[in-house]
Amino acid sequence: MKNLYIALSFVVISLTVSAQNKNTKSADKLFNRFEYVDAAKEYLKLVDNGKADPYVYKQLADTYYNMFNSTEAVKWYAKATETNQEAETYYRYAQMLKANGKYEDANKQMQKFAAAAPSDSRAKAFKENPNYVPRLLDKTKLYNVNPSDISSDKSDFGAVLYDNSLYFASARNGARKTYGWTDEPFLDIYKADYNADGTITNASPLTDLNSKWHDGPITISADGNTAYFASESFKEKISEKDKKANAKFSQVYLFKAVKTGDKWGDITALPFNDKTFSNSNPSLSRDGKTLYFSSNRPSSVGGTDIWKVAINADGTYGEPQNLGVKVNTEGNETFPFIADDNKTLYFASSGKQGFGGLDVYQIDLSNGSEASNLGKPVNTEKDDFAFTFNESKKAGFLSSNRNGNDDIFAVSPICGVDVQIVVTDAKTGAILANASVSILDDKKNVIATEMANAKGEVKYRVECDRAYVVQASKDGYEGSTFAVTKSKGPSATVAAALQPIDVIVTETEIILKPIYFEFDKSNITQEGAFELDKLVQVMKNNDKMVIMAKSHTDNRGSDKYNLSLSDRRAKSTVQYIVSKGIAADRISGKGMGELEPKVDCGKDCTEAQHAQNRRSEFLIVK
């Protein structure tokens with residue numbers, strides 16, 4: 001049902017008049033009237049009767065595309081593209097393949113699309129980054145998405161939460177006339193209660209605003225007294241007659257309503273509506289000064305674009321402005337939602353690189369940044385759209401047909417902290433590019449390792465209220481660790497200043513932080529490896545240096561056992577150094593058992609003292 005507010009233009013975009021004939025007349029009329037369910041049946045009759053041709057195959061494919069039946073669309077686009085087609089057909093075919101998870105096949109069709117329309121921004125984006133899906137899959141999960149208890153067995157979408165009321169569009173009213181595009185009732189605007197426990201109850205139609213035509217979605221002002229909503233130009237007795245289709249077609253218009261007491265009234269059409277194009281999917285900024293909407297008005301980049309219009313203090317409107325190519329493509333951009341900060345815009349696009357169908361993107365309108373895909377689970381291979389978020393309640397909503405029908409899903413943010421690490425030289429303050437930076441959780445597990453950029457920066461997103469540790473290292477510098485303290489974010493900065501490595505080399509030994517071993521074990525730990533890498537670097541920088549590693553134990557266990565254990569530890573240390581590319585004849589190891597304790601505490605050693613005695617030392621032989 002959302003296709004009404006995506007396609008918008010009631011001009012048949014895929015009809016090739018010269019290919020029509022008397023056999024397709026009945027099916028074409030239904031197609032032109034947007035009665036796609038019945039149109040598909042008529043085209044299929046032609047196939048069954050042996051009267052199909054490439055035109056019929058393409059019409060069938062476009063019919064199923066408009067109903068987002070990706071399986072059937074793929075089937076018929078495959079038949080249609082056995083002969084040459086216009087560029088947009090290959091693009092639609094690719095979209096439907098992606099909706100079925102067939103990305104390699106989709107790329108083949110995108111290659112044909114790019115060859116046919118090389119100047120199209122979608123083609124350019126594909127040629128620059130054809131295998132972008134793995135990058136999207138690796139994106140940090142930003143939200144949890146769960147089914148909501150407001151969805152019905154009919155189309156429901158465009159949910160937006162204001163205070164404790166949820167507004168949405170729905171085709172659930174069985175008493176309404178059936179719409180031939182989807183074989184469902186016409187849309188109404190509904191309002192429901194949003195309860196303290198997150199449940200949604202008491203959904204009922206807004207009878208003051210609903211008409212006998214399609215109504216919704218809706219946006220409400222911060223004070224709750226002004227609404228902007230979409231409906232049809234039939235409401236204004238404006239339509240275009242198509243003699244061939246024997247039907248009257250409306251456009252989608254935007255309307256304003258004012259609330260007096262508990263009633264909505266004073267409904268007026270906005271002055272920039274026009275019978276030659278549509279405006280829909282309004283979203284009002286919280287300061288009430290800007291209305292965002294989707295439209296296929298002149299000067300649009302693609303099929304439908306995101307536009308904005310100023311609302312002046314005296315109630316008049318400015319000139320609608322296109323949001324430009326950072327938002328809009330030659331495809332369709334629709335369902336804008338401006339966040340409470342008046343700068344973050346969420347919108348749906350079929351023209352940007354996504355998983356398939358419509359994907360949800362966000363962009364900061366204040367700084368000229370690029371739009372970013374919200375990743376999974378917000379986006380799927382199906383249509384995902386109408387993302388909205390209430391900042392005060394930390395609750396959002398998403399519409400999607402991922403389960404086969406347009407449904408409303410509840411969205412909750414995953415609390416995260418954006419940690420920026422800046423690596424510098426501790427002596428000079430100089431930026432250290434290409435340093436290795438790892439982030440470890442509170443259980444000392446390495447989560448990820450990245451190389452610092454030219455500014456010495458690495459960025460990680462971590463969970464709120466959890467402590468982390470950053471390990472930074474670079475050739476010629478002593479590796480070190482830095483704490484990331486618990487916080488609720490949204491951001492944290494870690495200054496990772498590394499000491500030049502020559503400060504830890506003396507005439508007789510290499511002084512590292514103690515290479516501690518776990519009790520009764522000889523394996524190299526994560527912390528131990530981090531320290532031993534410093535020794536490796538020193539030996540690489542001094543290629544004649546020869547080292548002897550002495551390994552010690554605490555005094556628990558017999559002398560014989562401890563001597564054997566320390567010998568194993570010494571061998572583990574040597575093997576680690578050799579594994580890093582140091583010649584075996586440059587490093588030797590010797591187990592000392594408990595003969596040379598660092599802390600001579602006898603039988604009364606504490607655990608901390610035992611740990612200090614379980615150590616390795618590195619003597620310079622030559």
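Index from 1, following the sequence.
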Checking K98 against Y103: charged group under 6.0 Å from the ring centre and within 45 degrees of the axis? no
Please, which pairs that meet salt bridge (Lys or Arg N to Asp or Glu O under 4.0 Å) have at least one residue in residues 326-337, sequence neighbours excluded? K326-E370
Salt-bridge contact R402-E381 (side-chain N to carboxylate O under 4.0 Å): no
Check G357 against Q95 and note the closest heavy-atom contact, atom names and distance. O-NE2, 3.2 Å
Evaluate the criterion salt bridge (Lys or Arg N to Asp or Glu O under 4.0 Å) for residue pair R122 and D120; output intermediate values, then yes/no. CA-CA 5 Å; R122 296 168 295 175; D120 191 296; 2.9 Å; yes
Under 3.5 Å, is there a donor-acceptor pair between the R568 and S564 side chains? yes
Within the distance-only criterion (no hydrogens, no angle test), does the side chain of T334 pair as donor or acceptor with the backbone N or O of S294 below 3.5 angstrom? no
Main chain of E509, side chain of E617: is a donor-acceptor contact present, judged purely on distance under 3.5 Å? no
Donor-acceptor contact present, side-chain S566 to main-chain T553, <3.5 Å: no
According to the disulfide (SG to SG under 2.5 Å) rule, which pairs have a member within residues 347-438, sequence neighbours left out? C415-C464
Do V494 and Y460 make a side-chain contact, defined as non-hydrogen atoms from C-beta onward lying under 4.5 Å apart? no
Residue set satisfying side-chain contact (heavy atoms from CB on, under 4.5 Å) with S70, at least two apart, ordered chain then number -> M96, A99, N100, K382
Test item: D384 and V378 side chains (from C-beta on) under 4.5 Å apart, heavy atoms: no
At their closest point, which heavy atom of I306 faces which heavy atom of N328, and how far apart are they? N-OD1, 2.8 Å
With no hydrogens and no angle check, do the side chains of N541 and Q537 hold a donor and an acceptor under 3.5 Å apart? yes
Using distance alone, with no hydrogens and no angle criterion, decide if N373 and N379 have a side-chain donor and acceptor under 3.5 Å apart. yes
Could you list the residues that satisfy side-chain contact (heavy atoms from CB on, under 4.5 Å) with S558, not counting sequence neighbours? K560, Y561
Residue pair D554, R556: steps toward the salt bridge (Lys or Arg N to Asp or Glu O under 4.0 Å) verdict: CA-CA 6 Å; D554 59 34; R556 290 177 288 191; 3.1 Å; yes
With no hydrogens and no angle check, is any side-chain donor or acceptor of S480 less than 3.5 Å from a backbone partner on L498? no
Under the side chain to side chain donor-acceptor pair (under 3.5 Å) test, residues paired with K124 that sit two or more places apart: none
Quick one, D418 with K459, criterion salt bridge (Lys or Arg N to Asp or Glu O under 4.0 Å). Give me CA distance, side-chain angles, the key distance, then yes/no. CA-CA 7 Å; D418 292 314; K459 295 180 181 179; over 6 Å; no
Once the angle between the rings of F113 and Y91 is folded into 0 to 90°, is it parallel (under 30°), tilted (30 to 60°) or perpendicular (over 60°)? tilted
Modelled atom types, side-chain donor and acceptor of N164 and K393, under 3.5 Å: yes
Between D465 and K488 (salt bridge meaning N to carboxylate O under 4.0 Å), is one present in this structure? yes
Side chains of D441 and Y468: donor-acceptor distance under 3.5 Å anywhere? no
Classify the ring geometry between Y346 and F387 as parallel (under 30°), tilted (30 to 60°) or perpendicular (over 60°). tilted
Can you list the residues that meet the ring-ring contact (aromatic ring centres under 6.0 Å, His included) rule with Y361, with sequence neighbours excluded? F347
